[in-house]
Engineer: 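Before anything else, here's the structure in question.
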2 protein chains.
Amino acid sequence: MEHRHMDGAQKSAPKKRKTSWKKDPAAVKEDILTVATEAFAAHGLSGANINEIAEKTSTSKRMIYYYFGDKEGLYRSVLERVYSSLRETEQALNVADLEPIMALRRLTEATFDSHVKNPQFIRLVMIENIHNAEYARKSDVIPTLNKAIIDKLADVCARGKASGVLRDDADPLELHWMTSSASFYNVSNKATFATSFGGRLFTTEGQKRIRERVVDMVLGAVVVDYRPRSGG
Amino acid sequence: MEHRHMDGAQKSAPKKRKTSWKKDPAAVKEDILTVATEAFAAHGLSGANINEIAEKTSTSKRMIYYYFGDKEGLYRSVLERVYSSLRETEQALNVADLEPIMALRRLTEATFDSHVKNPQFIRLVMIENIHNAEYARKSDVIPTLNKAIIDKLADVCARGKASGVLRDDADPLELHWMTSSASFYNVSNKATFATSFGGRLFTTEGQKRIRERVVDMVLGAVVVDYRPRSGG
DNA sequence: CCTTTTATGTACCTTGCGGTTAATTTGTCA
DNA sequence: TGACAAATTAACCGCAAGGTACATAAAAGG
């Protein structure tokens, strides 16, 4: 193993601190978290290897324990970080000034796309579910994070019902469930699905069709007299 | 650890063999597989513990290695067994003589229900996806197993298109994808979903609604001018 | 019966890996 | 400039857990 040069990044970026440490602690933490995220997403909690993680960081194993206590603590931090970063994506999307059906379409597409773009997040959520969400539940951030999307859907539902374009029994939570299930599964189960049925649905073309289908499904479930566009 | 009495089961059930072994090898294998299925579903491949598994069987660790070679071999056997057993469930369902829309409804409901009833299978598939389906792909049974359901859907699609009740672009594979995504997610992500949004959708009432919603979604996507039943 | 094969119990080995000890450098503040 | 804290290094530890060696009992089979 060749020696890593840690000074390059140092001289060029001694920005935030009053004086410059040999290494910025915050940067070290971030470095560890980035590597650990990759590792946990790839191998799960028990499957990830602390020694391997340490080697891939620019610091040492000792520092992992210094900052995160133990493997579980590291995992929890990884989980919270990845959840938080996704919340930001969600909150960036603004549909308050769109007509309800269009807003729903946008939200659904955005959810679908963001899942495709964040397989690491998906994998970590899968892993968390294997553990019955015990670490997410312990967190005091995660359980409150995803409410933003529900609020948006609730707003859209309210407006849509008021104007009569959405069915009376449309429910924000159910809507989110529908969107999520399709979007999540599309990434999470790609491997086994392709193994059983071939990769046709996962080509660029296939994904385009699927995406449109998901929108149709969701809108079809809540829009009064929804007529999907035939052909794509 | 107290000594297990292996004779009780013996005297009472020396059924199938020509002569009676002290223990029926097939039964021993089955016993191991049952325990191992539980363990792998609960903790994953790396998380499951061979010693623990051995203790919960009526035999010893030695026998696990004797019959399955190593941990990975045991895991592969578990995977194949659980996949196979689900195929049987699928094949039992007969909808060839049902009118297309009703047939679709039945297939969707059956898929939904069978997922709810087999959380262990779901967990193993989740775990397999974490491993990018490398073990399922290696298998020479699994990739050919799930075709049955596609055949059924293809038949229903063909009949539905012929009689004009299904849209021309209805696709069996996409249909299965839709049904599976909802049904799978409903079980696989229950823990994190409930952590984020509460358990409302997972009560008996909630599940009833969700199930009907899934049927609506699927039918809505392929039935010409589908009108869901309002209220539930 | 005597040999070969299948099945099984006990005890052991090896090492990967999560975690720690202790000392050292780097900075802060009196 | 020296005490104290924060950050970091390198070497080490213990043991859990995957896997094996070896002896042997039970069956098949000639």
Side-chain angles (χ1 to χ4, degrees), chain A residues 1 3-7 9-11 14 16-33 35-36 39-40 42-78 135, chain B residues 1-7 9-11 14 16-33 35-36 39-40 42-78:
Chain A
M1 53 189 97
H3 249 103
R4 49 232 166 254
H5 6 234
M6 53 187 65
D7 21 6
Q10 246 33 51
K11 275 184 295 191
K16 62 200 314 194
R17 281 281 163 215
K18 27 201 169 185
T19 61
S20 73
W21 268 82
K22 176 176 162 191
K23 272 181 158 181
D24 186 1
V28 171
K29 274 203 225 177
E30 261 301 300
D31 179 31
I32 293 173
L33 284 174
V35 175
F40 284 126
H43 310 294
L45 175 49
S46 51
N49 182 321
I50 294 278
N51 291 310
E52 269 178 35
I53 292 175
E55 272 167 30
K56 287 182 187 161
T57 64
S58 53
T59 179
S60 67
K61 178 163 73 161
R62 182 64 186 80
M63 294 314 293
I64 295 175
Y65 287 95
Y66 182 66
Y67 285 124
F68 302 99
D70 59 4
K71 196 184 190 181
E72 205 177 296
L74 179 60
Y75 173 78
R76 280 215 317 274
S77 298
V78 162
Y135 302 99
Chain B
M1 52 190 102
E2 16 206 331
H3 248 102
R4 47 233 167 253
H5 6 233
M6 49 188 69
D7 23 5
Q10 246 35 52
K11 276 182 294 193
K16 64 202 305 197
R17 280 282 162 215
K18 27 201 168 187
T19 61
S20 75
W21 266 81
K22 176 177 160 192
K23 270 184 162 179
D24 187 359
V28 171
K29 275 205 227 178
E30 262 300 299
D31 178 32
I32 293 173
L33 283 174
V35 175
F40 284 126
H43 310 294
L45 175 49
S46 51
N49 184 321
I50 294 277
N51 291 308
E52 269 178 36
I53 291 174
E55 272 167 30
K56 288 182 187 161
T57 65
S58 53
T59 177
S60 67
K61 178 163 73 162
R62 176 72 186 77
M63 296 314 292
I64 295 176
Y65 287 96
Y66 183 68
Y67 284 124
F68 302 99
D70 58 5
K71 196 185 191 181
E72 205 177 297
L74 178 60
Y75 173 77
R76 279 214 317 272
S77 299
V78 162

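Only heavy atoms go into these numbers, but all of them, side chains included; no hydrogens, no water, no symmetry mates.
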Engineer: Could you tell me the separation between the CD1 atom of A:I64 and the P atom of C:dT20, rounded to a whole number of Å?
Structural biologist: 13 Å

Engineer: Could you tell me the separation between the NE2 atom of B:H43 and the C1' atom of D:dA17, rounded to a whole number of Å?
Structural biologist: 14 Å

Engineer: Could you state the atom-to-atom distance from CG of B:L45 to C1' of D:dG18 in whole Å?
Structural biologist: 12 Å

Engineer: Got a second to check how far B:I64's CD1 is from B:D70's CG, nearest 0.5 Å?
Structural biologist: 11.5 Å

Engineer: Closest heavy-atom contact between A:I53 and A:V35?
Structural biologist: O-CG1, 3.5 Å

Engineer: If you check the B:R62 side chain, which of D:dA7, C:dA7, C:dT10 turns out closest?
Structural biologist: C:dT10

Engineer: Is any side-chain N or O of A:T59 closer than 4.0 Å to OP1 or OP2 of D:dT9?
Structural biologist: yes

Engineer: Which of these nucleotides, C:dG19, D:dT8, C:dA7, is closest to any side-chain atom of A:V28?
Structural biologist: D:dT8

Engineer: Do you know which two heavy atoms are closest between B:V78 and B:A36, and how far apart they sit?
Structural biologist: CG2-CB, 3.7 Å

Engineer: Base, sugar-phosphate or nothing for B:A48? Non-hydrogen atoms, less than 4.0 Å.
Structural biologist: sugar-phosphate

Engineer: How many angstroms lie between atom NZ of A:K61 and atom CD1 of A:I50, to the nearest 0.5 angstrom?
Structural biologist: 8.0 Å

Engineer: In whole angstrom, give the distance that lies between atom CD1 of B:I50 and atom P of D:dT20.
Structural biologist: 11 Å

Engineer: Could you measure the distance from the NZ atom of B:K29 to the CG atom of B:D31? Nearest 0.5 Å is fine.
Structural biologist: 13.0 Å

Engineer: Where along residues 69-77 of chain B does a heavy atom come under 4.0 Å from DNA chain C, residue by residue in number order?
Structural biologist: none

Engineer: Nearest 0.5 Å, what's the OH-CD1 distance between A:Y66 and A:I32?
Structural biologist: 11.5 Å

Engineer: Can you measure A:M63 atom CE to C:dG19 atom C1' for me and round it to whole angstrom units?
Structural biologist: 15 Å

Engineer: What nucleotide among C:dT8, C:dG9, C:dT20 has an atom nearest to a side-chain atom of B:Y67?
Structural biologist: C:dT8

Engineer: When the distance from OH of B:Y66 to C1' of D:dG19 is rounded to whole Å, what number comes out?
Structural biologist: 17 Å

Engineer: On a heavy-atom basis, which atom in A:A54 and which in A:S60 lie closest, and how many Å separate them?
Structural biologist: CB-C, 4.2 Å

Engineer: Report all interatomic pairs (protein N or O, nucleotide N or O of nucleotides 12-16 of chain D) with separations under 3.5 Å.
Structural biologist:
none

Engineer: D:dG19 P sits how many Å from B:F68 CZ, rounded?
Structural biologist: 14 Å

Engineer: Is A:S60 close enough to D:dT9 that one of its side-chain N or O atoms is under 4.0 Å from OP1 or OP2 there?
Structural biologist: yes

Engineer: Search all heavy atoms of B:K71 against all heavy atoms of B:S46 and return the closest pair with its distance.
Structural biologist: NZ-O, 3.3 Å

Engineer: What is the distance from CD1 of A:I32 to P of D:dA7, rounded to the nearest Å?
Structural biologist: 12 Å

